[in-house]
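To start, the structure under review is shown below, and the notes come after it.
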Number of protein chains: 2
Amino acid sequence: MSGKKGFTYEYARPALTVDCVVFGFGGGELEVLLIERGLDPYVGWWALPGGFVRVGEDLGEAAGRELSEEAGIDAGYLEQLGAFGAPGRDPREHVVSVAYWALVRPGDYRLAAATDAVAARWHGVGELPRLAFDHGAIVGVAVERLRARVRHQPVGFNLLPEKFTLTELQTLYEAILGEGLDKRNFRKRVLALDLLTALPEERREGAHRPAQLFRFDPDKYARLERRGFHFEL
Amino acid sequence: MSGKKGFTYEYARPALTVDCVVFGFGGGELEVLLIERGLDPYVGWWALPGGFVRVGEDLGEAAGRELSEEAGIDAGYLEQLGAFGAPGRDPREHVVSVAYWALVRPGDYRLAAATDAVAARWHGVGELPRLAFDHGAIVGVAVERLRARVRHQPVGFNLLPEKFTLTELQTLYEAILGEGLDKRNFRKRVLALDLLTALPEERREGAHRPAQLFRFDPDKYARLERRGFHFEL
DNA sequence: TCAAAAGTGTTCTTGATACACCCATGC
DNA sequence: GCATGGGTGTATCAAGAACACTTTTGA
């Protein structure tokens, strides 16, 4: 280890990694991005994208870097989840991982497995395979956090395309919360927030009556928030 | 660093510490435990108790250990706050700190400065001195977290003696939330939760009418929680 | 004309808030 | 007997929950 300089810590230190729970919304179901490991511990297992933190690198930046390196993703929303550091969680040595969770829009990602990953793929949160390390537990915490957050802050829009219908928004909320919601009450509440701007166009003519498109207005939210506004769905 | 063994990470790694925001309730005001630093960076400054994480040591245990080593405290409640890892936060080198927040009962602590601390003392959250490192920001996040948590989970009792009066409980909540509460509504709601058991004794005769003492019943809470009970103050 | 999703209001119930006086005790 | 904190109930209001039918389009 480094020589003593009076202030330098001279003992062995745990390794430090970041791992990301990336959520996507694929037509009716909440999904998590997993990579198939191509390296030593847990080869062939599915795991969260992540990797070692470099000296001098900010944690959030490290998470973003790993995300783009391992899966070619640029997350629209990224928030820290917490640190996971149980001694046995990595069979090699003591590795402490700072976990993040992220939300990405369906169009904004172009999955590209790289670095030490063999493949990158979306998995429905309901049908996750057995994960490497303690990643299964981390995903569990992330889902909980997402559920709590989506009720009190307008983060859900990061999972939808820029323009979306109210039905799509409701379907998203139902997928995240895991429960059905009343259509009329949902629309009433969402519109009462006055954070969506209706776009005088239409879409989704696919088979039936076209639906009104809306866009979320982040500036308006920022202004309201400053005045002590309390988002709540 | 260590020689390559095929799987061992061979690059320099950031140092890893834990820091604790310990809350106490001292007669009407919410307090935070600070230690006066006796070592190199920020000598003489007030800072959060904390220290380096040992290899093979769990993060929560490290936090508890530092707490007892530096201040002789055994926390009744300890929860992780998050990781703070901005590259410049420690002038020596890149140090990532996993912060915890803790609640202790007034009687359960016997402050004893030790290790690299000169002194340990309680400070009202309203009148904190300038803190070392980014500890001021960490305390800010901890206070926010405590405020949010105390509304939705019965953690506040960890700041009161085993037996307490409803007025004491209300004073505590007012101190944490920073706002006055209606006495009748507060008592109504608290008692409606059915989590307190009245003790047929009395106390606080100091000057006036004695008040009923209560004890929080954690078992009852655990049972209710299992049935999807939703604590809310 | 039928199938499928979009869109729309009202009633009822429940929980939150506001509010003022009497009680028990020590000094 | 007076000062101090302990203790109690009701009326009003607002927000959330339940609930069913009409509209528009493509096939």
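What you see is a predicted model; the values in this text were computed from it and never measured. Lettering of chains follows the sequences in order, A, B, ..., and the numbering in each one begins at 1. All heavy atoms count here, side chains included; hydrogens, waters and symmetry mates do not.
Per the geometry, CG belonging to A:Leu181 stands 13 Å off C1' belonging to D:dG16, to the nearest Å. Rounded to an integer number of Å, the gap from CD of B:Gln170 to P of D:dT8 is 14 Å. Remark: P of C:dG9 and CG of A:Leu191 are 12 Å apart, rounded to the nearest angstrom. Between the CZ atom of A:Arg187 and the C1' atom of D:dG16 there is a distance of 18 Å, given to the nearest Å. Here the P atom of nucleotide D:dG6 and the CG atom of B:Leu213 are 11 Å apart, to the nearest Å. To the nearest angstrom, C1' of D:dT10 lies 13 Å from CG of B:Asp182. Rounding to whole angstrom units, CG of residue A:Leu169 and P of C:dA6 are separated by 13 Å. To the nearest angstrom, P of C:dA5 lies 20 Å from CZ of A:Phe164.
Taking the centre of each ring, B:Tyr42 and B:Phe133 come in below the 6.0 Å mark.
Side-chain proximity of B:Lys183 to D:dG6, D:dC19, C:dC19: nearest is D:dG6. The side chain of A:His208 sits closest to C:dA3 out of D:dT8, C:dC19, C:dA3.
Here B:Thr167 does not reach the OP1 or OP2 of D:dG5: none of its side-chain N or O atoms lies under 4.0 Å away.
Using a 4.0 Å heavy-atom criterion, one finds that A:Thr165 contacts no nucleic acid atom at all.
A salt bridge does not link A:Arg147 with A:Glu174: every distance from a Lys NZ or Arg NE/NH1/NH2 to an Asp or Glu carboxylate oxygen is 4.0 Å or more.
Interface remark: the A:Arg209 side chain does not form any donor-acceptor pair with the C:dA5 base, using a distance-only criterion of under 3.5 Å. The base of D:dA20 lies close enough to the side chain of A:Arg184 for a donor and an acceptor atom to sit less than 3.5 Å apart.
With 3.5 Å as the limit, one finds no donor-acceptor pair spanning the side chains of A:Thr197 and A:Asp217.
Between A:Tyr221 and A:Phe231, the angle of the ring planes goes over 60°, which puts this pair in the perpendicular group of the 30/60° scheme.
The residue among B:Arg189 and A:Leu166 whose nearest nucleotide of DNA chain C lies closer to the 5′ end is A:Leu166. Each of A:Gln212 and B:Lys188 was assigned the nucleotide of DNA chain C with the nearest heavy atom; the assignment lying further toward the 5' end belongs to A:Gln212. Toward the 5' end of DNA chain D, the nearer of the two residues A:Asn185 and B:Asn185, judged by each one's closest nucleotide, is B:Asn185.
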_Set out, in order, the CA-CA distance, both residues' side-chain angles and the distance that settles salt bridge (charged side-chain N to carboxylate O under 4.0 Å, His left out) for A:Glu232 and A:Arg189, then state yes or no._
CA-CA 9 Å; A:Glu232 176 96 38; A:Arg189 271 185 305 212; over 6 Å; no

